[in-house]
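Just below is one structure, and these are the notes that go with it.
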Amino acid sequence: MTISRRRFLQYVTTSSAAGALTTLALPGSAMAQSGRPLLKAGDQKGGLRALLEAADELKQLPYDIQWSEFPAAAPLAEALNAGAVDCGPIGDAPVIFALAAGAAIKIIGANRSDAYGTALIVQPDSPLRTAADLKGKNIGTTRGSIGHFVSLKAITAAGLKPTDVNFRFLPPADTITALASGSVDAWATWEPYTAVAETTGRGRVLVNGRGLWSGLSYLAATDSALAAKREVLRDFLSRVVRAQVWSYQHVDAFSAAMARIIGIPPEAARLQFSRRATKWRNIDDALVAEQQRTADFYAQVGLLRQPLDVKPTYDRSFPISA
């Protein structure tokens, strides 16, 4: 399937950062107008909301939800840091940057996915074939994202130094434009952008994240939300976990719902969903150790000014049970 560049950009720019700016202007009340507790939930390109809606897990809520959508983890992390949202899904690498920036957040839930879709994408006819070919090339990504992390892992595994490539830090919509125009040679991104690029004929995976990235992502919550809305957060996480189990029991139905809700092609929705194989899991010492290795790698390549101890970031009082 091939589509026009304009149509492809519509897929990528759906749910732009404008939504995040609107959220930041809202008052920080803990109660909705209904008098019930209000959970301010952040999301990335509608993925979490689509999951909950498709599984009917947003019915009969004992609280209200105010959704705010972001195109990537970096602006979501900024919103968490500002207290504009109470919680949101965020990858392991962006969490490191949020903590380094002083964000008062905790990780309350963890999941692991197949890392393939976190990848370096090039144009279909690009002469680049391996990570080593990226020497001297321009890589577009979002600073501190899992795409940024995988690109650094890929080039160092290929024997290159971070200084051997030129990073251009851009939001997803600007990066895909830069890739199409040739002003960047590769786009370091994640799902569903990877699947959209592949299924629309606008991109080819140069390097995938398997063996480079842990596949860990989290539900993070602010310290203030944990203090005031702990039981709301507990219920919300439980609904997310149940919805994830439901989704893999109803792959066709969920993929169709996801395509409709977040506005991507059905082929891309099914591809990115089925290959991710996301499973929520309990936080344990092994998981914390993996996160510490991510933080240590960022310090090693100079993206953190000082080493970061990740242990205090985890709140283990939210056990996972599907």
Side-chain angles (χ1 to χ4, degrees), residues 39 41-45 47-49 51-52 55 57 70 72-74 76-77 80-81 85-100 103-118 144-147 149-150 153 190-191 209-223 225-226 229-248 272-273 275-298 308-322:
L39 180 67
D43 201 1
Q44 290 192 52
K45 199 163 175 60
L48 196 59
R49 185 174 184 177
L51 176 67
L52 290 166
E57 285 288 350
F70 302 87
L76 173 56
L80 283 166
N81 198 14
V85 296
D86 295 322
C87 65
I90 187 168
D92 63 345
V95 164
I96 299 301
F97 270 73
L99 294 172
I105 61 173
K106 295 288 187 296
I107 294 164
I108 64 173
N111 68 66
R112 191 188 300 277
S113 301
D114 188 312
Y116 183 94
T118 301
S145 66
I146 53 176
F149 179 82
V150 164
K153 277 288 197 176
W190 51 89
E191 301 285 22
R210 289 175 181 165
L212 300 174
W213 176 51
S214 68
L216 288 172
S217 291
Y218 303 119
L219 182 68
T222 64
D223 288 353
L226 283 164
K229 309 174 188 180
R230 178 171 288 271
E231 292 311 309
V232 170
L233 288 165
R234 193 181 307 281
D235 179 82
F236 183 74
L237 177 58
S238 294
R239 290 171 185 269
V240 171
V241 173
R242 289 197 303 266
Q244 195 75 69
V245 173
W246 176 91
S247 68
Y248 284 105
Q272 71 96 26
F273 169 68
R275 73 180 172 197
R276 288 179 78 171
T278 302
K279 292 183 179 179
W280 288 84
R281 51 164 295 175
N282 284 305
I283 297 166
D284 57 21
D285 290 344
L287 184 148
V288 175
E290 283 190 84
Q291 182 72 2
Q292 187 62 57
R293 287 193 289 272
T294 299
D296 293 345
F297 175 76
Y298 266 156
L308 179 68
D309 180 9
V310 305
K311 293 185 187 68
T313 311
Y314 291 88
D315 185 329
R316 302 195 191 192
S317 65
F318 292 79
I320 298 298
S321 59

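Quick caveat, the model's predicted, so the values are computed rather than measured.
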Determine whether Val240 and Leu52 make a side-chain contact, defined as any pair of heavy atoms from C-beta on separated by less than 4.5 Å.
yes
Can you tell me if Arg230 and Ser317 form a side-chain donor-acceptor pair at under 3.5 Å?
yes
Taken to the nearest 0.5 Å, the spacing of Asn81 CG from Leu99 CG works out to 9.5 Å
Checking the side chain of Asp43 only, and the main-chain atoms of Leu48 only, is there a donor and an acceptor separated by less than 3.5 Å?
yes
Keeping the roles fixed (side chain from Arg281, backbone from Ala110), state whether a donor-acceptor pair exists under 3.5 Å.
no
With a 4.5 Å cut-off on side-chain heavy atoms, are Tyr314 and Tyr218 touching?
yes
If you apply the rule side chain to side chain contact (heavy atoms under 4.5 Å, CB included), what do you find for Leu308 with Tyr298, and how did you get there?
CA-CA 9 Å; Leu308 179 68; Tyr298 266 156; over 6 Å; no
For Arg276 and Gln272, the nearest pair of non-hydrogen atoms, with its separation, is CG-O, 2.7 Å
Are any of the side-chain nitrogens in Glu57 or Arg242 under 4.0 Å away from the carboxylate oxygens of its partner?
yes
What's the separation between atom CG in Leu237 and atom CD1 in Ile108, rounded to the nearest 0.5 Å?
5.5 Å
Has Gln291 got a side-chain atom pairing as donor or acceptor with Ala93's backbone, closer than 3.5 angstrom?
no
At what distance, to the nearest 0.5 angstrom, does CD1 of Ile107 lie from CG of Asp92?
8.5 Å
Please name the pair of heavy atoms, one in Val310 and one in Ala295, separated by the smallest distance, quoted to 0.1 Å.
CG1-CB, 3.9 Å
Go through the structure and list residues passing side chain to side chain contact (heavy atoms under 4.5 Å, CB included) with Arg316, not counting sequence neighbours.
Ile283, Asp285, Val288
Can you confirm whether Lys153 sits close enough to Trp213 that some side-chain heavy atom of one is under 4.5 Å from a side-chain heavy atom of the other?
no
Applying salt bridge (charged side-chain N to carboxylate O under 4.0 Å, His left out), which residue pairs with at least one partner in residues 213-223 are found, sequence neighbours left out?
Lys106-Asp223
Of all the heavy-atom pairs spanning Ile90 and Ala220, show the shortest one and how long it is.
CG2-CB, 3.9 Å
For Arg239 and Asp235, what are the C-alpha separation, side-chain angles and deciding distance, and is it a side chain to side chain contact (heavy atoms under 4.5 Å, CB included)?
CA-CA 6 Å; Arg239 290 171 185 269; Asp235 179 82; 2.6 Å; yes
Measuring from Ile105:CD1 to Leu80:CG, what's the distance to the nearest 0.5 Å?
5.5 Å
Between OG on residue Ser113 and CG on residue Leu216, distance to nearest 0.5 Å
9.0 Å
Take Val241 and Asn111, measure what side chain to side chain contact (heavy atoms under 4.5 Å, CB included) needs, and give me the verdict at the end.
CA-CA 9 Å; Val241 173; Asn111 68 66; over 6 Å; no
Please report the interatomic distance OG(Ser247) to CG(Leu51), rounded to the nearest 0.5 Å.
5.5 Å
What pair of heavy atoms forms the shortest contact from Ser214 to Arg112, and how long is it?
O-NH1, 2.8 Å
Mind checking whether Thr278 and Gln244 have side chains closer than 4.5 Å, heavy atoms only?
yes
Heavy-atom closest contact (Trp190 atom, Gly147 atom, distance)
CE3-N, 3.9 Å
So, does Tyr248 use its side chain to make a donor-acceptor pair with the main chain of Phe273 at under 3.5 Å?
yes
Looking only at heavy atoms, the pair that brings Phe149 and Leu212 closest together is CE2-O, 3.4 Å
Does Leu226 reach the side chain of Phe318, with side-chain heavy atoms less than 4.5 Å apart?
yes
Hey, does the side chain of Gln44 reach the backbone of Pro89 with a donor-acceptor pair shorter than 3.5 angstrom?
yes
